[in-house]
Amino acid sequence: MTDHFEFVPGGSITTPAGFAAGSAFCGIKTSGLDLCVIASENPCEAGGVFTTNKVKAAPLLLSQQRLAGGSVQAIVVNSGNANACTGKRGHQDALETTELVAEKFGLDVDEVLVASTGVIGVQLPMEKLRTGLRSIELNDDGGADSARAIMTTDLQPKMAAVRYGSAGHTINIGGISKGSGMIHPNLATMLSFVATDAALAPGFAQQAIARAADNSFNLISVDGDNSTNDTLVLLANGKANNPPIVEGTQEGHDFERALTAVCVELAKAIARDGEGATRLIEVRVSGALSADDAKVAARSVVSSSLVKAAVHGSDPNWGRIICAVGYSGAEVDQSRVDISVGNVALMIDGEIQPFDAGAASAQLAGPDVSMGVNLHLGDAEALAWGCDLSEEYVHINADYTT
């Protein structure tokens, strides 16, 4: 059972056997790594989840097409330029990028995915990218550098990996993510790549990553914006030599628990690193009529600009919390609702509680803020994560292209 899975210290996308990565600085950004390639020794079962925005970047469209067509062996990613809203040339540049990777590493071009992140509406500087790709060499400890190479306004690289035993085999799952702004449920300006050495039955990678996304990346919010480039991909190369894991089995359940743990860790890292953020907010909604109700209510609270601003000011304004729950779309009976921040009860059964404002404010002042909402209507619950809204967020986004 993956109740006993363990996180791998310093683990990343190259923790699973058979995966390697290489990175370079090619000048798309003014400094720092801005280009990477992640590859498996052999073709992988793959699944992916993409933005719900109807405006989609050229690399995303190409990767969607290739995922639908079969297996995947490599992903090439640049940061600093989204290659979005760039017309026919943008599509040609995305295609050429995959061709360059396929030629350099001896791969089938149809098994190479591409992703980009950064400024929208600017053509890729292809000569710089070509030069950068020529310099990249793959190594099996390149995961940490690849996590840095995909960063834009992120302050910290985001990596996670877990390990567990299954039917006498050791399974590793590791991933990297980027995201700091334009983060909202149903993905965001987020790139996330997850690899595993588990063998998965055909179709299971897609099912597993979609469900893991629903319980992790789709439950975070930084600023309510939904990007053109959101991409989440799972690659499974089978190097663990386990019997292929099948949907609906105990092994499938165990794998999904471990996969979701990695995705939750990466999602929380994105929320914690939100542009200008000083606090991570975790909202637990319990007692909901359904899992969907719990999720939409929790997401509504972490997405509320008023709640986020109150947290930044350490203001225990519980009215903003119940307001966000009320307009979430979840079933709510206000006469039954409990609300708390940390260990301080603010409302019980819809009634205002006499609480110590100083103690409640202190619960909002630390780096990790927890809020609880019990609807007392059912047994379903959900967690969602967000961050506070600070003056620095405005400064970052007011000056993003200038």
Answer yes or no: are there more than 12 heavy-atom neighbours, outside Q334 itself, under 6.0 Å from its atom CD?
no
Within the distance-only criterion (no hydrogens, no angle test), does the side chain of D34 pair as donor or acceptor with the backbone N or O of C26 below 3.5 angstrom?
yes
Enter the distance from I270:CD1 to L280:CG here, rounded to the nearest 0.5 Å.
12.0 Å
Ignoring hydrogens, what is the shortest heavy-atom contact between L155 and M151? Give both atom names and the distance.
C-CE, 3.9 Å
Distance-minimising heavy-atom pair for I28 and P125
CG1-CG, 3.9 Å
Got a donor-acceptor contact below 3.5 angstrom from the R299 side chain to the N218 backbone?
yes
Are side-chain heavy atoms of L61 and Q64 found at a separation under 4.5 Å?
yes
Take V302 and I220, measure what side chain to side chain contact (heavy atoms under 4.5 Å, CB included) needs, and give me the verdict at the end.
CA-CA 7 Å; V302 297; I220 59 174; over 6 Å; no
Would L60 and T228 count as a side chain to side chain contact (heavy atoms under 4.5 Å, CB included) if you check the C-alpha gap in whole Å, the side-chain angles of each, and the deciding distance to 0.1 Å?
CA-CA 8 Å; L60 184 151; T228 56; over 6 Å; no
Does either side chain, that of N78 or that of S116, offer a donor lying less than 3.5 Å from an acceptor on the other one?
yes
Main chain of V311, side chain of D388: is a donor-acceptor contact present, judged purely on distance under 3.5 Å?
no
How many angstroms lie between CG in N172 and CZ in F19, if you round to the nearest 0.5 Å?
10.5 Å
Report yes or no: do T131 and R134 form a side-chain donor-acceptor pair below 3.5 Å?
yes
For the atom pair CG (N229) and CD1 (I120), what is the distance rounded to the nearest 0.5 Å?
6.5 Å
Do the non-hydrogen side-chain atoms of V76 and L35 ever get within less than 4.5 Å of each other?
yes
Can you check whether G143's main-chain N or O pairs, donor with acceptor, with S146's side chain at less than 3.5 Å?
yes
Would you confirm whether R320, through its side chain, and L306, through its main-chain N or O, come within 3.5 Å as a donor-acceptor pair?
yes
Basic-acidic side-chain contact under 4.0 Å: R272, D368
yes
Is a donor on one side and an acceptor on the other found under 3.5 Å between the side chain of Q206 and the backbone of A46?
no
From the options I38, V77, L33, select the one residue that forms a side chain to side chain contact (heavy atoms under 4.5 Å, CB included) with I150.
V77
Checking side chain to side chain contact (heavy atoms under 4.5 Å, CB included) for the pair Q353/L346: CA distance, chi angles, key distance, verdict?
CA-CA 5 Å; Q353 299 301 298; L346 308 181; 5.9 Å; no
Would you find a donor on one side and an acceptor on the other, under 3.5 Å apart, between the side chain of S361 and the backbone of S314?
yes
Could you check if a side-chain atom of S79 sits within less than 4.5 angstrom of a side-chain atom of K29, using non-hydrogen atoms only?
yes
Rounding to 0.5 Å, atoms CD (E247) and CD1 (I245) come to a distance of 11.5 Å
For the atom pair OG (S177) and CG (D154), what is the distance rounded to the nearest 0.5 Å?
9.5 Å
Does the side chain of W385 reach to within under 4.5 Å of the side chain of L219, using non-hydrogen atoms?
yes
Are a donor atom and an acceptor atom from the side chains of T117 and K178 found within less than 3.5 Å of each other?
yes
Are there over 12 heavy-atom neighbours, none belonging to D379, within less than 6.0 Å of that residue's CG?
no
Nearest heavy-atom approach of I339 to I322 is CD1-CB, 3.6 Å
Ignoring hydrogens and angles, tell me if any N or O in the side chain of D93 forms a donor-acceptor pair with the backbone of M126 under 3.5 Å.
no
Within a strict 4.5 Å, meaning less than it, do heavy atoms of the T98 and P59 side chains meet?
no
Find out whether F193 and T231 are in side-chain contact, i.e. whether some heavy atom of one side chain is under 4.5 Å from a heavy atom of the other.
yes
Would you confirm whether S300, through its side chain, and A324, through its main-chain N or O, come within 3.5 Å as a donor-acceptor pair?
yes
Electrostatic pair R148:D145 at N-O distance under 4.0 angstrom
yes
With a sphere of 6.0 Å drawn around CD of Q123, does it hold more than 12 non-hydrogen atoms of other residues, nucleotides or ligands?
yes
Please answer whether the main-chain N or O of E331 pairs with a side-chain N or O of D293 as donor and acceptor at a distance below 3.5 Å.
yes
If you take all heavy atoms of V55 and N53, which pair is closest and at what distance?
N-OD1, 2.8 Å
Non-hydrogen atoms of N83 and L124 that approach each other most closely:
ND2-CD1, 3.7 Å
Hey, mind stepping through S166 and F255 against side chain to side chain contact (heavy atoms under 4.5 Å, CB included) and telling me if it holds?
CA-CA 9 Å; S166 177; F255 177 81; over 6 Å; no
Gap between atom CG of L191 and atom NZ of K158 - 0.5 Å precision
11.0 Å
So, do F7 and E265 sit near enough that their side-chain heavy atoms are less than 4.5 Å apart?
yes
Show the nearest heavy-atom pair for residues R336 and L375, with the distance to one decimal.
CB-O, 3.7 Å
Just wondering, do V112 and F105 contact through their side chains at under 4.5 Å, heavy atoms?
no
